[in-house]
Amino acid sequence: VSSKYPCAQEHIPMCIKHDLNIDMTCEDCDEFICSQCAKTDHKDHDWKTIPTAGSLRRRELKKTLSKVKENDIAEIDKKMKKASKQKEGNKKCCDSEVSKLQKHYDAIVSKLDEIKKNLETKLVENLERKNAEVSKKKLDLEKKRDHIKDLVEFLEDKHGTMSDYSLIDNLRDLTNLVSNTDSDIERGDHSVRYRGGDISEGSLDSIMGQTFDLDDFRVTETDSFQYGDECLYVFEAIKKDVCLVRALESECMELINIGNKEVEKSNVRGDDVCVTANGDVYATDYDNNCVVRLSPSGSVSTVFSTAPLLPVGICQSTGGLLATLVDDKTKKYHPDSKSRRLVIHVTLTGDVIREYEYQEDDQTMLFTVPWRVKQNGNTDICVVNRTSQSTGELVILSSSGFLKSVYHGQNLNFNPTDVVFASHCNIIVTDFDESKIHLLSPDGEFMKYLLTENEVPNPYSMSLYQSTLWVGDYQGLIKVFQFNNA
C-alpha cells in the first residue's frame with residue numbers, strides 16, 4: 001500500500017490527447033478526462049469537474065468505508081470460512097468414497113490389493129489437488145482482505161489532506177479490490193467419485209470398479225433461440241438438429257430445425273411424445289383419453305384407448321411403449337384407495353404387457369401423479385412423480401417392478417419436470433424451481449449439477465439425441481448443448 005499510495009497529494013497529469021490539464025471525471029467511463037475530452041469523446045456522458053465529483057464522494061466517504069468494513073470485508077471472511085469448511089467437506093466426501101471402495105474390496109480376494117491401492121491413490125490425489133487449490137484461493141482472499149483493510153485505513157487517515165483526484169483514484173482502487181473478491185470457491189469441491197462394479201466372472205478391473213472425475217461430465221452451449229414466450233411443454237429430438245416441440249397453450253406440435261430455425265406444423269397436439277427407431281411418433285392425447293400415432297407421412301391414428309384413465313407421459317421401451325395414466329375422479333395430489341396412478345407397458349398396438357402401480361406389498365402406491373416416464377439403457381424405468389403442484393421426486397423401478405430407489409433432490413424444493421439418459425446409463429433430470437439440471441448415477445445417486453440457473457433458468461423440458469442436449473424453459477427459450485460424457 002505504501003508504494004502504491006505514497007502520499008495523499010498527487011500531481012494532476014496532463015491529457016495525452018489534448019495536452020490540457022485533466023480537470024474532469026467521466027462517471028460513465030469511470031476515468032479522468034480533460035475539458036476537451038468532455039466535449040468530444042464523452043460529450044453524451046455523465047461527466048463532472050473533479051472538485052464537484054470529489055465533493056460528492058467526500059459526502060459519502062464515511063458511508064462507503066463503513067460498508068467496506070462492515071459488509072465487504074465480512075463477506076470475504078465468510079468466504080474464507082466457507083473455504084475451510086469446503087476442505088473439511090472434501091475430506092468427508094473423499095472418506096465416504098474410499099469407504100465404499102473398501103467395502104466393495106472386502107468381498108474380493110486379497111490378490112486385488114494392488115488395483116485397490118491404485119484407485120485409492122486417484123481419490124487421494126484429487127483430494128490433495130482440490131484442497132491445494134482451495135488453500136491457494138483462501139490465501140488469495142486473505143491477502144486481498146489485508147490489502148483492502150490497509151487501503152481503508154489509509155483513506156481514513158489521509159482523506160482530509162488528500163486531493164480530489166487522489167481521493168477519487170484511491171476510491172476507485174478500493175471499489176475494484178472489493179468487487180474482485182470472487183475466488184470461485186465452489187469449483188474447489190472434491191470431484192472424483194468411486195463407483196463399485198459387480199463381482200462376476202469379468203476381468204479384475206471390472207470387478208473392482210473404477211474412479212471417475214465429475215469434472216469430466218460437462219456441457220457446452222452451442223445454440224439458443226426463442227420459440228414464443230410460453231412454457232415449452234413437450235420436447236423430443238428426432239435428429240441431431242431437428243426436434244418436436246409444443247408450447248403449453250399450442251394446439252399442435254411443431255418440427256423445429258435448429259440449423260435454419262424453420263418451423264413445420266404437425267397434425268397432432270400431444271401431451272407427451274416419443275419417436276421410435278423407424279421414425280414413428282407416438283403421443284398421449286389427454287383430452288381424448290388415448291395414445292395416437294403420427295406416421296412419417298403425417299397421418300394421425302388412434303393406437304389404443306386409455307379410458308377412463310387419462311394418459312400423460314409416454315416413451316419407447318423394450319418391446320413397445322411405456323405410458324403414465326391417472327384418474328380424474330379423486331384428488332390429484334391426495335390419492336386414496338379408489339385412485340388409479342400407474343405406468344403401463346404395452347405393445348406398439350396397445351396390448352398390455354405389464355402394469356406398475358403398487359410396491360411389492362401390493363398395497364402401497366408407487367406414484368402420486370406419474371408425470372413423465374423414460375426407460376434407461378439398463379432397462380430401469382424412471383418416472384417423474386409429482387407429489388404436489390410444485391414438488392416431486394424421481395422414482396426408479398426395475399423392469400420387473402421392484403422399487404430400486406427414489407431421488408428427492410438436494411433440497412426440499414425439488415421440482416422435477418423431465419428426465420433423459422446419457423451413456424453409461426447416467427440420469428439427467430430437470431429441477432424447475434431451482435433452475436438446475438442434476439446428473440445422477442444409474443441407481444439415482446446425485447453426482448453433480450450439470451447446469452445451473454446461469455445457463456438454464458427454469459428448465460421444463462429436455463431431450464438428448466446422441467450428444468446433443470436440448471433444453472426448453474418456462475418462457476419459450478430453447479438452448480442446445482453439446483454433452484461431453486467422458
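In this view, F367 satisfies the ring-ring contact (aromatic ring centres under 6.0 Å, His included) rule with no residue, not counting sequence neighbours. The ring-ring contact (aromatic ring centres under 6.0 Å, His included) check on Y407 picks up F414, H438, with sequence neighbours excluded.
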Only pairs under 3.5 Å count here: list side-chain donor-acceptor contacts from residues 335-346, not counting sequence neighbours, and write none if there are none.
| residue | atom | partner | partner atom | Å |
| --- | --- | --- | --- | --- |
| D336 | OD1 | K338 | N | 2.8 |
| D336 | OD1 | S339 | N | 3.2 |
| D336 | OD1 | S339 | OG | 3.2 |
| S339 | OG | T330 | OG1 | 2.7 |
| S339 | OG | D336 | N | 2.8 |
| S339 | OG | D336 | O | 3.4 |
| R340 | NE | E357 | OE1 | 3.4 |
| R340 | NE | E357 | OE2 | 2.8 |
| R340 | NH2 | E357 | OE1 | 3.1 |
| R341 | NE | D327 | OD1 | 3.1 |
| R341 | NH1 | K332 | O | 2.6 |
| R341 | NH1 | T368 | O | 2.6 |
| R341 | NH2 | T330 | OG1 | 3.0 |
| R341 | NH2 | K331 | O | 3.0 |
| H345 | NE2 | S317 | OG | 3.1 |
| H345 | NE2 | T318 | O | 2.9 |

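Between the side chains of T387 and T391, at least one donor-acceptor pair of N or O atoms lies under 3.5 Å. For the residue pair S179/N176, the side-chain donor-acceptor check at 3.5 Å is not satisfied. Between the side chains of N90 and Q86, no donor-acceptor pair of N or O atoms lies under 3.5 Å. When only modelled atom types and interatomic distance are considered, Q482 and S467 share a side-chain donor-acceptor pair under 3.5 Å. There is a side-chain donor-acceptor pair under 3.5 Å between E393 and N385. No side-chain donor from either of E120 and Y194 sits under 3.5 Å from a side-chain acceptor of the other.
Formation of a donor-acceptor pair under 3.5 Å by the S441 side chain with backbone atoms of E445 is found in this model. With hydrogens and angles disregarded, a donor-acceptor distance shorter than 3.5 Å links the side chain of R386 to the backbone of P416. No side-chain donor-acceptor contact under 3.5 Å links K479 to the backbone of F225.
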(Q) side chain to side chain donor-acceptor pair (under 3.5 Å) for D361 and T364? Distances and angles first, verdict last. (A) CA-CA 7 Å; D361 59 8; T364 306; 2.6 Å; yes

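Applying the side-chain hydrogen bond (donor to acceptor under 3.5 Å, both in side chains) test between T417 and each of D433, T430, N458 identifies T430 as the sole match.
Atom OH in Y474 sits 12.5 Å away from atom OG in S461 (nearest 0.5 Å).
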